[in-house]
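For this chain, numbers begin at 1 and follow the sequence in order.
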Amino acid sequence: MAAQLHRRMVLTGLGAAGLAGCATTPAAPSGVIRPAFQPRSFAPLITHRGRISRITVCTRPFRAQGPRIEAEAVGDKRVVHNYGHGGSGWSLSWGSAAMARDIALEGGVRPVAVIGCGAIGLTSALQILRAGGPVTIYAAERTPYTRSARATGVWSPDSRIAAEGSVTADFGDRWEAMSRKSWRDHHAFIGVDGDPVRFIDQYNLRGGPADTGPVGPTPTSGSVGFFRSGDRLNGLAPWYREINKTEHPFPVESVRCGPVMTFNVAEYARQLTEAFLLEGGRIVQRTFNHPSELATLAEPVVVNCAGYGARALFGDQSLTPVRGQITWLTPQPEVTYALWYRSINMVPRHDGIVIQANGSSQMVGYGVEDETPDRDEAEQALAALAPLFASA
């Protein structure tokens, strides 16, 4: 049966234009002449719960004011903060790091300590190192064991990045600058061995079999008016379009399709770490429990990229945890497309198939610090996706 579905998918084919992520991505303008549709292979996802290899939970560091990128004096150290990116850490990493670099090197090049070895820590360290500043990363964990390693791995620069009513008047401009800088720099890794960054087609499905609404945990009570980017990034990412039933095999009423930038997080982190070390950086394993311990460092400047850990280290109560769970299925190299269906995100990565049930609103997981995996949540998401491949 799987072979029959595979042949049907090849014959019916798939479109390949524009959407990355959810329905806020801009559509292609009217009047655009599109090339003839090219059929392609489309392997069915295996949704059996026996394919679950692990379940990971990440605490995203949300700040209503947006990322904290500023300097303060802590004893005799100049501490530059670079944390609080919500669900946009990998997406905004290069642009955020460039801003932190400029603040860290104000007044001249000098040795710099970076606290944290996640996406923000690695990119900040590289940006400073490449500007001529000797850099040492101090971290309790290497990247594979940080919260950054538990990210979905999809370009999402405005995912819980701030609250509309809490940001300064220039926040939108600063966020746009971070986004555009990061978008450009991520492209340097496309086509590189190991596929640290690549584009894949994503299919947003609506009105499928047994579609009774979004799947995922119950949202936290209350409401946060999360920052919306509006049309600030129009023209940056590829467009998406509605495709017809001859262009996809899904038993649903409507489908939107387009390329989405994805991050092979494990390989991306490995290449960033390797580049940092080869270019002269150092990594030292160390845990900090209080800002006073920074006084023992030789470097006069410290860039704090501790992510959610900054809440405990610096007592920053403006950080709110946002729980997010990923179910990992064993890799299916033949699956080369992403899905969004009933608020479930499916992203194929080299290290496994990412399944994430996002629920009915962005308040899902808000204020929840518990990182205990929920097997029932994982299996419910798989059960909701299974009807899409029932004929396989």
Side-chain angles (χ1 to χ4, degrees), residues 61 63 65-74 76-86 88-139 143 146 148 157 161-162 168 170-189 196-197 263 268-269 271-284 288 291 294 297-307 309-310 313-314 316:
R63 291 183 80 241
Q65 305 94 327
R68 186 182 184 190
I69 309 175
E70 61 184 5
E72 70 168 328
V74 178
D76 63 348
K77 304 295 183 187
R78 176 177 171 83
V79 175
V80 179
H81 297 291
N82 187 13
Y83 66 84
H85 298 73
S88 303
W90 279 103
S91 297
L92 295 178
S93 56
W94 289 108
S96 175
M99 290 183 178
R101 173 204 61 205
D102 292 346
I103 298 173
L105 299 182
E106 282 179 0
V109 172
R110 54 202 143 172
V112 176
V114 171
I115 308 300
C117 203
I120 301 298
L122 283 173
T123 50
S124 295
L126 271 168
Q127 294 272 28
I128 295 166
L129 187 67
R130 289 169 177 173
V135 182
T136 299
I137 293 176
Y138 296 91
T143 315
T146 64
S148 289
I161 192 63
T168 58
D170 66 342
F171 176 77
D173 292 338
R174 290 188 292 112
W175 171 84
E176 182 179 347
M178 280 191 286
S179 299
R180 291 184 177 275
K181 164 68 173 170
S182 297
W183 180 261
R184 290 193 301 270
D185 286 4
H186 285 312
H187 274 73
F189 293 86
V197 182
F263 309 121
Y268 205 177
Q271 292 194 20
L272 294 179
T273 302
E274 185 176 86
F276 175 69
L277 294 173
L278 287 174
E279 293 175 33
R282 294 194 311 139
I283 300 178
V284 175
F288 296 92
L294 300 179
L297 299 178
E299 296 83 1
V301 178
V302 178
V303 179
N304 169 34
C305 304
L313 179 57
F314 284 90
D316 188 348

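Residues Tyr268 and His186 have side chains in contact (heavy-atom distance under 4.5 Å, counting atoms from C-beta outward). Using a 4.5 Å cut-off on side-chain heavy atoms (C-beta onward), Val301 and Leu105 make no contact. In this structure, Pro300 and Pro111 have side chains that are in contact, with non-hydrogen atoms separated by less than 4.5 Å. In this structure, the side chains of Ile120 and Trp90 stay at 4.5 Å or more apart for every pair of heavy atoms.
Note that CH2 of Trp94 is 13.0 Å distant from CZ of Arg184, once rounded to the nearest 0.5 Å. In this structure, OG on Ser93 lies 10.5 Å from NZ on Lys181, to the nearest 0.5 angstrom. Atom CZ of residue Arg68 and atom NE2 of residue His81 lie 3.5 Å apart, to the nearest 0.5 angstrom. Here the CD-NZ distance, from Glu72 to Lys77, works out to 14.5 Å after rounding to the nearest 0.5 Å. Separation of atoms OG1 (Thr273) and CD1 (Ile283) is listed at 5.0 Å; rounding is to 0.5 Å.
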Walk me through whether Leu126 and Leu272 qualify under side-chain contact (heavy atoms from CB on, under 4.5 Å).
CA-CA 8 Å; Leu126 271 168; Leu272 294 179; 3.8 Å; yes
Quick one, Tyr83 with Ile69, criterion side-chain contact (heavy atoms from CB on, under 4.5 Å). Give me CA distance, side-chain angles, the key distance, then yes/no.
CA-CA 7 Å; Tyr83 66 84; Ile69 309 175; over 6 Å; no
Quick one: do Phe171 and Asp173 satisfy side-chain contact (heavy atoms from CB on, under 4.5 Å)? Show the steps, please.
CA-CA 5 Å; Phe171 176 77; Asp173 292 338; over 6 Å; no
Yes or no on side-chain contact (heavy atoms from CB on, under 4.5 Å) for Ile128 and Val303, after CA distance, side-chain angles and deciding distance?
CA-CA 10 Å; Ile128 295 166; Val303 179; 3.8 Å; yes
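With Thr143 contributing its side chain and Cys117 its backbone, the two residues share a donor-acceptor pair below 3.5 Å. For the pair Ser148 (side chain) and Gly118 (backbone), a donor-acceptor distance under 3.5 Å is absent.
Between Phe288 and Tyr138, the angle of the ring planes goes over 60°, which puts this pair in the perpendicular group of the 30/60° scheme.
With sequence neighbours left out, Arg180 forms a salt bridge (charged side-chain N to carboxylate O under 4.0 Å, His left out) with Glu176.
Ion pairing of Arg78 with Glu106 is present here, as a side-chain N (NZ or NE/NH1/NH2) and a carboxylate O approach within less than 4.0 Å.
Partner Cys305 forms a side chain to side chain contact (heavy atoms under 4.5 Å, CB included) with one of Ile115, Val114, Leu122, Val80 and no other, that one being Val114.
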